[in-house]
Amino acid sequence: MLAHWAGTLGAVAPGLGPAGILHVDLDAFYAAVEVLVDPALAGRPLIVGGAGPRGVVAAASYEARAYGVSSAMPSAQARRLCPHAVFVAGRYALYADYSRRLHEIFQSVTPLVEGIALDEAFLDVSGARRLLGEPEEIARDLRRRVHDELGLWASVGVAPVKMLAKLASEAAKPVADRRGTRAGPGVVVVARGEELGFLHPLPVRSLWGVGPATLRRLARFGVETVGDLAALPLETVVGALGQAHGRHLHDLAWARDPRPVVPGREAKSVGHEETYATDHHDRPPLERELVRLSDAVAARLRAGGVAGRTVTLKVRFADFRTITRSKTVPQAVATGQELAALARGLLGGVDPSPGVRLLGVSASNLEPRPAVQLDLAPVPGEGATTWEGVGRAVDEVRKRFGEAAVGPAALLDGSELRLRRLGDQQWGPG
């Protein structure tokens, strides 16, 4: 289905190009993949995420959303809202595989793809008109291909700017209530000349950057819709919200969003963190966890061909108080041993006795890692180089025999290695 927005335009935002930007967002992605794997789950309230008392909801089917369940909600709250829901532990590797296939479809349409998450992206199709047709046609074909090739449904917004494309995809989505899920339009187009007619009736909280605090400040001026915000003088908005934030939101209220679609964004940091089913009050188990987290970070750094100059330790206590401690070193590091050593040093200044609920390690200030010859033999004075070679050898062994084939001895749990990998315990302990 295709919806084309027709509205009345009071004033055209300057500099807007043709409606050539698409925002594609898969519908209830994780839950939909789980239904593909197990069709018996179809039509049932389904919650994907951590089922334990410290778990969070990764995704909910529309049948579960009808009861108020939403992503990022504590699983305990979701269970209260929908006690008959089926909980399924998230499978990050499975979703990542579907995401890879999804992005292959995107790349076949245009090289200008800006991934936002596993299941959503912006596409600039302005240059694909001659080959593939107008953006509305491209959006319909893309949605059909995603369903035909992956078995998943997507909602697509088409607009002249990114912010409007995102809002249009929201308007294209299915609607859930307890009488059943109603299909949405699937594709919503905001054509040039119709931007403000679509945008101004929307609640002001629809705009990027309008959180609870901003909403309270704007409410003092009677602002409820985006049109109300646009009607305020710029000076009033700046006075209420500050120079940068005020100007930014006022521009958005007039559909002025100059940001281009930027493909291939480079990661600014690489990290892993874990929430524990029970709090840690002593340092030794936390130091062991640092080895596990650092091993995982190092593997991703090596895979990306980068190293980090700043190592950050994140600690969340039992009362949810969260602190971070960082150290920047002259020479970038990329081995698990170096990362763990720096993280242990940072942990030394933290008192764990109140109970540590979450622990995390990340590397930032990333830079390309120079090529290092694979060499397992120790070289006096070149410990980092030696460990770099060990790390590469470990990668090769894992690639051939599996992730748990080799790892730090400190992570042995009986006869099994307890490694940490991307997506493990993504949504809290089970």
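Side-chain atoms of Ile116 and Phe122, non-hydrogen and from C-beta on, do get closer than 4.5 Å to each other. For the pair Trp254/Leu196, a side-chain contact is recorded, criterion being any heavy-atom separation below 4.5 Å from C-beta on. For the pair Val57 and Val48, the minimum side-chain heavy-atom distance is 4.5 Å or more. When side chains are defined from C-beta on, Ile47 does not count as touching Ser75, because their heavy atoms never get closer than 4.5 Å. Put simply, the side chain of Leu241 reaches to within 4.5 Å of the side chain of Leu218, judged on heavy atoms. Side-chain contact check for Lys314 versus Arg325: every heavy-atom pair is 4.5 Å or farther apart. Between Ser294 and Val297, every side-chain heavy-atom pair lies at or beyond the 4.5 Å cut-off. Within the 4.5 Å cutoff, side-chain heavy atoms of Leu118 are placed close to those of Tyr30.
Rounded to the nearest 0.5 Å, atoms CD (Glu137) and CZ (Arg129) are 11.5 Å apart. Here the OG1 atom belonging to Thr312 is positioned 11.0 Å from the CG atom belonging to Leu339, to the nearest 0.5 angstrom. To the nearest 0.5 angstrom, Ser362 atom OG is 14.0 Å from Lys268 atom NZ. Atom CZ of Arg192 sits about 12.0 Å away from atom CG of Leu164, to the nearest 0.5 Å. Within the model, atoms CG of Leu347 and CG of Leu342 stand 12.5 Å from one another, a figure rounded to the nearest 0.5 Å. The NE2 atom of His84 lies 12.5 Å from the CZ atom of Arg79; values are rounded to the nearest 0.5 Å.
Contacts classified as side chain to side chain donor-acceptor pair (under 3.5 Å) and involving residues 199-216 (residues at least two apart or in different chains) are given here: Thr214-His245. A salt bridge (Lys or Arg N to Asp or Glu O under 4.0 Å) check over residues 111-124, counting only residues at least two apart or in different chains, returns the pairs Glu114-Lys162, Glu114-Arg265, Glu120-Lys166.
In this structure a side-chain-to-backbone donor-acceptor pair under 3.5 Å is missing from Tyr98 to Leu94. Under a 3.5 Å cut-off, the side chain of Arg300 and the backbone N or O of Gly271 do form a donor-acceptor pair. Thr310 places no side-chain N or O within 3.5 Å of a backbone atom of Gly308 that could act as its donor or acceptor partner. Side-chain N or O atoms of Asp228 include one that pairs as donor or acceptor with a backbone N or O of Thr225 at under 3.5 Å. A side-chain donor-acceptor contact under 3.5 Å links His250 to the backbone of Leu232. The backbone N or O of Pro284 sits nowhere less than 3.5 Å from a side-chain atom of Asp282 that would complete a donor-acceptor pair. Of the possible polar contacts, none joining the Arg316 side chain to the Arg321 backbone as a donor-acceptor pair under 3.5 Å is found. Between the Ser61 side chain and the Leu46 main chain, a donor and an acceptor come within less than 3.5 Å of each other.
Closest of all the heavy-atom pairs between Met163 and Asp257 is N-OD2, 2.9 Å. When every heavy atom of Gly197 is checked against every heavy atom of Pro201, the shortest pair comes out as O-CD, 3.3 Å. Nearest heavy atom pair, residue Arg145 against residue Ser108, reads NH1-OG, 2.8 Å. Nearest heavy-atom pair, Ala318 versus Pro354, reported as atom, atom and distance to 0.1 Å: CB-O, 3.8 Å. Shown here for Val190 and Pro160, the closest heavy-atom pair between the two residues is O-CD, 3.3 Å. When all heavy atoms are compared, the tightest approach of Ala334 to Ala298 is O-CB, 3.4 Å.
Judged by distance alone, the side chains of Ser269 and Ser364 never bring a donor and an acceptor atom under 3.5 Å apart. No side-chain donor from either of Arg143 and Ser155 sits under 3.5 Å from a side-chain acceptor of the other.
Within a 6.0 Å radius of CZ in Arg44, no more than 12 heavy atoms belonging to other residues, nucleotides or ligands are found. No more than 12 heavy atoms of other residues, nucleotides or ligands lie within 6.0 Å of CD in Glu224, so this atom counts as exposed by the packing criterion. Within a 6.0 Å radius of CZ in Arg179, other residues, nucleotides and ligands contribute 12 heavy atoms or fewer.
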Stepwise salt bridge (Lys or Arg N to Asp or Glu O under 4.0 Å) test for Arg182 and Asp177: CA-CA 8 Å; Arg182 303 192 306 276; Asp177 61 38; 2.5 Å; yes

Worked verdict on His280 versus Arg357 for side-chain contact (heavy atoms from CB on, under 4.5 Å): CA-CA 7 Å; His280 288 297; Arg357 175 189 181 96; over 6 Å; no

Arg292 vs Glu289, salt bridge (Lys or Arg N to Asp or Glu O under 4.0 Å): CA-CA, chis, key distance, verdict: CA-CA 5 Å; Arg292 195 157 70 98; Glu289 288 299 308; 3.0 Å; yes

Criterion side-chain contact (heavy atoms from CB on, under 4.5 Å) on Val356 and Asp279, from CA distance to verdict: CA-CA 5 Å; Val356 173; Asp279 298 333; 6.0 Å; no

Worked verdict on Leu123 versus Val261 for side-chain contact (heavy atoms from CB on, under 4.5 Å): CA-CA 7 Å; Leu123 287 73; Val261 173; over 6 Å; no

Check against side-chain contact (heavy atoms from CB on, under 4.5 Å), Leu359 and Glu273: CA-CA 5 Å; Leu359 193 67; Glu273 61 184 41; over 6 Å; no

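Each of Arg101, Gln107, Arg100 was scored for a side-chain hydrogen bond (donor to acceptor under 3.5 Å, both in side chains) with Glu104, with one residue passing: Arg100. In summary, of the residues considered (Ile323, Leu358, Leu286), a side-chain contact (heavy atoms from CB on, under 4.5 Å) with Val315 occurs for Ile323 alone.
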